[in-house]
Colleague: 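The following block contains the structure, expressed as structure tokens.
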Amino acid sequence: MIVSQILKTKDSTGVVSVKPSDPVAAAVSLLSEKRIGTVVVSADGVSLDGILSERDIVREMGRRGATCLSDKVAQMMTEKLVTCSPGDTADAVLEMMTSGRFRHMPVMEDGAMIGLISIGDVVKARLAELSMEKDALEGMIMGH
């Protein structure tokens, strides 16, 4: 399975984003409201400036307390992102996410972000693929 197939199975409401100048508290509210784990950071709604996850926020709160909620998103976001393309395989993406210890990855095509996938999206797709393979092999063994 490839990333473009995974994107087709996702809700098409788009990627949730915040601006680098937004306060972290606004990003926290958005994460809670949408029940998601990550927001993309984009100054213009098109370019990809960074990503801010629940983990980023919790780590900073553990270090500094709730005062970090008044910081700008740009101060807390991850700027050096690992991205994938629509043609990448689920296995390759899982390997990148596992070795990098992150759970969300922007999908880029021709320099523009076209989606965001989570490790849950990739695992779900991979399990569905394995189930189909199992069914096909069982059918072959049983002569169907």
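Positions are given from 1, in the same order as the sequence printed here. Worth knowing before you read on, the calculation uses all heavy atoms, side chains too, and leaves out hydrogens, waters and symmetry mates.
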Colleague: Are Arg64 and Asp71 within salt-bridge range, i.e. N to O under 4.0 Å?
Modeller: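 So Arg64 pairs with Asp71 through a salt bridge.
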
Colleague: If you measure from the Lys or Arg side-chain nitrogens to the Asp or Glu carboxylate oxygens, is any gap between Asp121 and Lys10 under 4.0 Å?
Modeller: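 Looking at Lys10 together with Asp121, the answer is yes, because their closest N to O distance falls below 4.0 Å.
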
Colleague: Mind listing the closest non-hydrogen atom pair of Asp88 and Met96 along with its distance?
Modeller: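 Shortest heavy-atom contact: OD2-CE, 4.3 Å.
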
Colleague: Can you get from Val82 to Leu94 by hopping between Ile, Leu, Val, Met, Phe, Trp and Tyr side chains that sit under 4.5 Å apart?
Modeller: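 Linked within one cluster.
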
Colleague: If you measure from CG on Leu52 to CG on Asp22, what distance do you get to the nearest 0.5 Å?
Modeller: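 With rounding to 0.5 Å, CG (Leu52) is 10.5 Å from CG (Asp22).
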
Colleague: Would you confirm whether Thr78, through its side chain, and Lys80, through its main-chain N or O, come within 3.5 Å as a donor-acceptor pair?
Modeller: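 No; zero donor-acceptor contacts below 3.5 Å.
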
Colleague: Might you work through the side chain to side chain contact (heavy atoms under 4.5 Å, CB included) test for Val93 and Thr89, ending with a clear yes or no?
Modeller: CA-CA 6 Å; Val93 169; Thr89 65; over 6 Å; no

Colleague: Is there a chain of hydrophobic side chains (I, L, V, M, F, W, Y, each step under 4.5 Å between heavy atoms) that links Met108 to Leu81?
Modeller: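 Yes, Met108 and Leu81 fall within the same hydrophobic cluster.
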
Colleague: Yes or no on side chain to side chain contact (heavy atoms under 4.5 Å, CB included) for Met76 and Ile57, after CA distance, side-chain angles and deciding distance?
Modeller: CA-CA 7 Å; Met76 201 178 294; Ile57 297 163; 3.9 Å; yes

Colleague: Are the side chain of Ser47 and the backbone N or O of Ala43 linked by a donor-acceptor pair below 3.5 Å?
Modeller: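 No: the side chain of Ser47 does not pair with the backbone of Ala43.
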
Colleague: Side chain of Ser99, backbone of Glu95: donor and acceptor closer than 3.5 Å?
Modeller: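 Looks like yes, one N/O pair under 3.5 Å.
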
Colleague: Where the side chain of Thr9 meets the backbone of Ile6, is there a donor-acceptor pair that is under 3.5 Å apart?
Modeller: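 Yes: the side chain of Thr9 pairs with the backbone of Ile6.
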
Colleague: Do Ile117 and Val15 land in one hydrophobic cluster if side-chain heavy atoms of ILVMFWY residues count as linked below 4.5 Å?
Modeller: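 No; Val15 is not reachable from Ile117 via cluster members.
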
Colleague: Arg103 vs Ser118, test: side chain to side chain contact (heavy atoms under 4.5 Å, CB included). Steps then yes/no.
Modeller: CA-CA 5 Å; Arg103 298 177 296 170; Ser118 71; 5.8 Å; no

Colleague: Tell me whether Val41 shares a hydrophobic cluster with Ile51, the cluster being built from Ile, Leu, Val, Met, Phe, Trp, Tyr side chains joined at under 4.5 Å.
Modeller: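 Unlinked, Val41 and Ile51 end up in two clusters.
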
Colleague: Flag yes if Ile119 and Leu130 sit in one hydrophobic cluster, no otherwise; membership is Ile, Leu, Val, Met, Phe, Trp, Tyr, and two members link when side-chain heavy atoms are under 4.5 Å apart.
Modeller: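 Different clusters.
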
Colleague: If you compare all heavy atoms of Ser21 against all heavy atoms of Lys72, which two are closest, and at what distance to 0.1 Å?
Modeller: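 Between these two residues, the closest heavy atoms are O-CD, 2.9 Å.
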
Colleague: Please report the shortest heavy-atom distance between Ser17 and Leu30, naming the atom on each side.
Modeller: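 In terms of heavy atoms, the two residues are closest at O-CD2, 3.9 Å.
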
Colleague: To the nearest 0.5 Å, what is the distance between CG (Asp49) and CD (Glu79)?
Modeller: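 With rounding to 0.5 Å, CG (Asp49) is 8.5 Å from CD (Glu79).
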
Colleague: In Å, rounded to the nearest 0.5 Å, how long is the span from CE of Met105 to CE of Met113?
Modeller: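 Met105 atom CE to Met113 atom CE measures 13.0 Å (nearest 0.5 Å).
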
Colleague: Heavy atoms only: give me the nearest Glu54-Ile36 pair and the separation to one decimal.
Modeller: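 Looks like OE2-O, 3.5 Å.
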
Colleague: Taking Met1's backbone N and O only, do any of them form a donor-acceptor pair with Glu129's side chain (distance below 3.5 Å, no angle check)?
Modeller: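 Indeed, once roles are kept as given, a pair shorter than 3.5 Å links the two residues.
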
Colleague: Taking all non-hydrogen atoms of both residues, which atom of Pro86 and which atom of Glu109 are closest, and how far apart?
Modeller: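 Closest heavy-atom pair between Pro86 and Glu109: CG-OE2, 3.7 Å.
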
Colleague: So which atom in Val73 and which in Ala27 form the shortest heavy-atom distance, rounded to 0.1 Å?
Modeller: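 Closest pair (atom of Val73, atom of Ala27, distance): CG2-CB, 4.2 Å.
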
Colleague: Keeping Ser70 on the side-chain end and Thr67 on the backbone end, is there a donor-acceptor pair under 3.5 Å?
Modeller: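 Yes, the answer is positive, given that a donor and an acceptor are paired below the 3.5 Å cut-off.
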
Colleague: What verdict does the side chain to side chain contact (heavy atoms under 4.5 Å, CB included) test give for Leu116 and Val107, after you've listed the backbone C-alpha separation in whole Å, the side-chain angles of each residue and the deciding distance to 0.1 Å?
Modeller: CA-CA 6 Å; Leu116 183 73; Val107 182; over 6 Å; no

